[in-house]
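See structure below.
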Amino acid sequence: MHRFHRRGRGLVVLASVALTLPLTAALSPAAAASPADPTAPATSTSAPYALVPQPVSQRAVPGAGFTLTPRTRIAVLSKDAAAQGVGSYLAKLLAPATGYDLKVVRKTQAPDKALVLDPGGPASLGAEGYTIASGRNGVVVTAHGAQGLFRGVQTLRQLLPAAVESRTEQSRTWTVAPAEISDAPRYEYRGVMLDVARRFFPVEQVKRYIDEAAAYKINKLHLHLTDDQGWRIAVDALPDLTEVGASTQSGFTGGTDWYYTAADYKEIVSYAASRFMTVVPEIDGPGHTMSALASVPELNCDDRARAPYSGFDVGISLYCLKDSQHQDATKNFLQTVVDAVARLTPGPYLHLGGDETPQATRGEYDAYVKAAADATTAKKKTVMGWHQLGQSPLPAGSLLQYWGEDSDRETIGTASEKPGITHLRQGVAQGAKYVMSPSDHAYLDMKYDASTPYGLSWSGYVPVQRSYAWDPETVTGKLDGTGAVVPAGQIAGVEAALWADRAYEGSSELPTPGTRWPSPQDYADYMSFPRLPALAEVGWTPQSGRDWTGFRQRLAQHGQRWTAAGIGFHPAPGVPWPGTVRTVEGEHVIVTGDVDGVALENAGSTSDGTDLVLWAPNRGPKQTWTVSPQSDGTYTMTNKSSGKCAEASGGAVGATVVQRTCDTGRTGQHWKFTARPNDDRYTIAAVGGLVLTAGSATNGAKATLEPDTGSALQTWTVD
Ligand code: TNX
């Protein structure tokens with residue numbers, strides 16, 4: 001709870017929550033199961049209902065829930081058009097699965113037996129806070145204005161059975177689980193980025209993604225509109241930008257409509273606004289600009305247009321900023337583009353990129369930032385940019401996006417600080433605020449593990465647990481969490497980023513003519529679910545209200561919602577998806593149950609007697625074990641890369657675990673798997689009763705045998 005005092009208004013909200021709903025109520029003995037079955041048994045760490053993001057407080061109230069009928073009214077207690085709009089939105093949301101055409105009525109008082117939306121709640125709820133009271137007699141969502149109602153409606157939706165997400169009519173009863181919920185976000189900025197430049201997303205697919213993200217209370221849609229591989233927004237004064245610059249994508253040429261017309265873009269913006277989501281357009285520069293260089297000759301030092309680019313490289317382009325003539329040309333160009341984009345964008349931000357410009361000199365980079373920032377502030381927009389922008393002078397109030405990773409954090413405070421950290425310090429000193437998108441947690445294009453068909457892994461694998469288990473307040477600090485470069489007061493929020501440079505199957509290699517390209521929607525669904533909901537919770541829920549153990553249980557229930565909605569998600573290992581029968585027998589990775597879960601592996605050794613170690617999970621052969629039953633009820637574990645068996649090196653406390661040529665006659669190779677009560681994880685004991693224990697959750701830690709204390713380092717997911 002100590003973190004709350006730093007967040008001014010949050011304190012008020014939480015204090016009022018604490019009065020009506022003690023936070024301990026969130027630990028009620030009710031179920032972690034789906035709202036459809038609120039009476040199922042729960043584990044002690046679970047919240048009563050499987051809500052994502054986890055609300056500040058939730059309590060299951062005794063008694064029956066409210067059952068919808070075709071005559072149920074949605075009563076909006078206000079004339080306000082935006083609040084009425086949330087009422088119609090809710091009616092449309094419920095229509096396909098229920099088959100009900102619920103009437104939206106305007107009332108001044110909360111009626112019984114209705115879904116009541118009241119935007120007249122106290123100002124202390126803030127713009128996005130809300131409460132829900134649901135019971136046998138109806139449901140009341142209260143907020144201070146329409147936006148809070150909309151966020152509350154997303155929670156209400158999760159109190160209904162998963163089938164409510166279906167696009168076709170389901171014949172069943174629709175009961176809203178009985179609950180008292182009080183909620184408000186940790187951060188104001190909770191975004192997701194779509195890279196529509198490398199892979200073009202048609203308007204319909206963008207809208208669908210907006211709905212998917214809004215369901216998890218994401219409130220910013222950052223569109224990466226321009227890159228080397230394509231320019232995706234029409235600018236009237238510069239028709240070649242889309243006639244030439246939009247004709248390519250990564251891996252594709254010859255397009256004629258791979259861009260948003262002004263009307264398309266307006267449609268996206270207004271659809272997003274109807275979901276209380278702000279569009280943040282990005283015009284990247286001075287690098288990532290080949291599509292502009294291919295369309296506007298004077299942006300090049302030799303005044304000759306480049307060829308449109310459909311390849312897969314980064315760091316290949318730069319506006320010409322070498323002399324004043326070309327600086328002026330770039331400046332005029334940026335003014336024209338920024339004017340056009342700003343005119344179409346009601347939201348406050350314009351993202352100016354600034355990433356990956358290896359060839360730019362300091363002066364060239366500064367010239368770009370000045371020209372782009374001046375054009376932006378002239379249009380009364382707030383400058384946003386990648387964290388590199390911090391190295392140049394910035395207008396007051398700028399918002400920067402941090403995308404560093406652990407390897408940068410390791411250098412904090414040393415003589416060899418990575419440039420990213422230096423840029424961060426420079427931006428912090430200028431008073432910039434930050435949106436956190438650490439690539440090793442928040443990049444949705446990183447592979448989940450070695451088996452992910454799409455994406456990259458330059459920032460390591462990002463399993464769902466990594467996207468969940470981090471704190472924006474410590475992610476710019478040293479690896480032990482101390483010394484954050486960005487102070488808590490300068491953190492605006494969190495953004496997940498779905499890059500699309502490797503949106504094809506078998507992406508560890510460059511594509512061949514036989515490569516399969518999923519639709520942008522299939523790629524987005526698979527890479528975003530379940531990681532986007534995990535990141536949405538990082539941005540919404542107070543750190544003290546989050547833990548991986550509870551989250552994975554809640555998340556598991558959402559798989560049914562995605563299936564009902566037709567979202568092709570990745571059934572990530574480590575999450576107890578209902579209906580998946582897990583057996584010990586067979587090929588598995590064996591991962592500790594703690595926040596930074598590490599996997600048992602043989603470090604690539606082929607020799608007998610090598611100690612087994614723990615490493616960040618990657619599901620490669622070194623971490624893959626075939627678990628085979630023996631006649632005495634134990635199992636052997638055979639490593640896929642070496643073909644050798646895990647063996648207790650001795651019977652004493654602290655003995656290491658090694659690999660050795662398989663021989664069932666050796667008692668040290670017999671392991672007893674015991675399922676934990678109320679859990680889907682195991683303790684793994686050697687014959688003497690000591691249990692397999694990870695020395696720590698750091699790469700390279702040894703596996704040893706210790707007495708069973710129930711520690712997370714002795715609790716194994718067998719996936
Ligand atoms: C880095 S991080 C990029 C993008 C790529 C991405 C792929 C950053 C701001 N830029 O150009 O698409 O990696 O993971």
Side-chain angles (χ1 to χ4, degrees), residues 191-201 222-232 248-251 280-292 309-318 351-360 365 368-369 372 383-391 399-409 418-421 423-424 427 434-448 452 454-462 466-467 475-476 494-504 507-508 510 520 523-524 527-528 531 535:
V192 66
M193 189 206 80
L194 271 188
D195 175 5
V196 297
R198 271 61 169 273
R199 194 74 204 278
F200 180 63
F201 284 60
H222 168 181
L223 291 175
H224 183 71
L225 287 170
T226 71
D227 212 305
D228 293 318
Q229 294 85 352
W231 187 281
R232 307 286 173 226
T248 41
Q249 305 184 49
S250 288
V280 179
E282 178 183 352
I283 305 298
D284 202 353
H288 291 280
T289 45
M290 196 63 93
S291 60
Y309 182 70
S310 60
F312 299 85
D313 292 334
V314 296
I316 56 168
S317 57
L318 192 66
H351 198 301
L352 304 176
D355 57 321
E356 299 173 322
T357 52
Q359 322 90 316
Y365 193 85
Y368 166 75
V369 175
V383 167
M384 197 169 162
W386 298 107
H387 68 241
Q388 287 97 326
L389 226 55
Q391 64 191 296
L399 188 60
L400 300 181
Q401 190 168 1
Y402 174 67
W403 58 274
E405 55 174 9
D406 280 356
S407 65
D408 301 299
R409 301 169 60 189
K418 291 264 182 77
I421 300 295
H423 299 154
L424 211 52
Y434 282 83
V435 172
M436 299 301 177
S437 300
S439 53
D440 49 357
H441 298 282
Y443 269 25
L444 299 176
D445 68 314
M446 291 298 120
K447 291 174 183 288
Y448 290 93
T452 308
Y454 321 122
L456 288 162
S457 56
W458 61 263
S459 202
Y461 297 121
V462 180
R466 257 194 96 68
S467 51
V475 80
T476 61
V494 171
E495 186 171 294
L498 181 61
W499 299 101
D501 0 11
R502 294 289 193 278
Y504 54 86
S507 60
S508 302
L510 286 175
Y523 170 75
M527 300 307 266
S528 308
R531 290 184 294 197
L535 290 155

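Counting starts at 1 for both ligands and their atoms, following the listed order.
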Hey, does the side chain of Ser507 reach the backbone of Gly455 with a donor-acceptor pair shorter than 3.5 angstrom?
yes

Taking Glu405 for its side chain and Pro438 for its backbone only, find out whether a donor-acceptor pair lies under 3.5 Å.
no

Distance check, rounded to the nearest 0.5 Å: Gln249 atom CD versus Asp227 atom CG?
12.5 Å

Residue pair Trp403 / Glu495, side-chain donor-acceptor N/O under 3.5 Å
no

For ligand 1, list every N/O pair with the protein closer than 3.5 Å, one pair per line with the distance.
{"unit_1": "ligand 1", "atom_1": "10 (N)", "unit_2": "Asp355", "atom_2": "OD2", "d": "2.9"}
{"unit_1": "ligand 1", "atom_1": "10 (N)", "unit_2": "Glu356", "atom_2": "OE1", "d": "3.2"}
{"unit_1": "ligand 1", "atom_1": "11 (O)", "unit_2": "Arg198", "atom_2": "NH2", "d": "2.9"}
{"unit_1": "ligand 1", "atom_1": "11 (O)", "unit_2": "Glu356", "atom_2": "OE1", "d": "3.0"}
{"unit_1": "ligand 1", "atom_1": "12 (O)", "unit_2": "Arg198", "atom_2": "NH1", "d": "2.7"}
{"unit_1": "ligand 1", "atom_1": "12 (O)", "unit_2": "Arg198", "atom_2": "NH2", "d": "3.4"}
{"unit_1": "ligand 1", "atom_1": "12 (O)", "unit_2": "Asp501", "atom_2": "OD1", "d": "3.0"}
{"unit_1": "ligand 1", "atom_1": "12 (O)", "unit_2": "Asp501", "atom_2": "OD2", "d": "2.9"}
{"unit_1": "ligand 1", "atom_1": "14 (O)", "unit_2": "Asp445", "atom_2": "OD2", "d": "2.6"}
{"unit_1": "ligand 1", "atom_1": "14 (O)", "unit_2": "Trp458", "atom_2": "NE1", "d": "2.8"}

For Asp195, is there an ion pair with Arg232 - N to carboxylate O distance below 4.0 angstrom?
no

Taking the six-membered ring for Trp, are Tyr523 and Tyr454 parallel (under 30°), tilted (30 to 60°) or perpendicular (over 60°)?
perpendicular

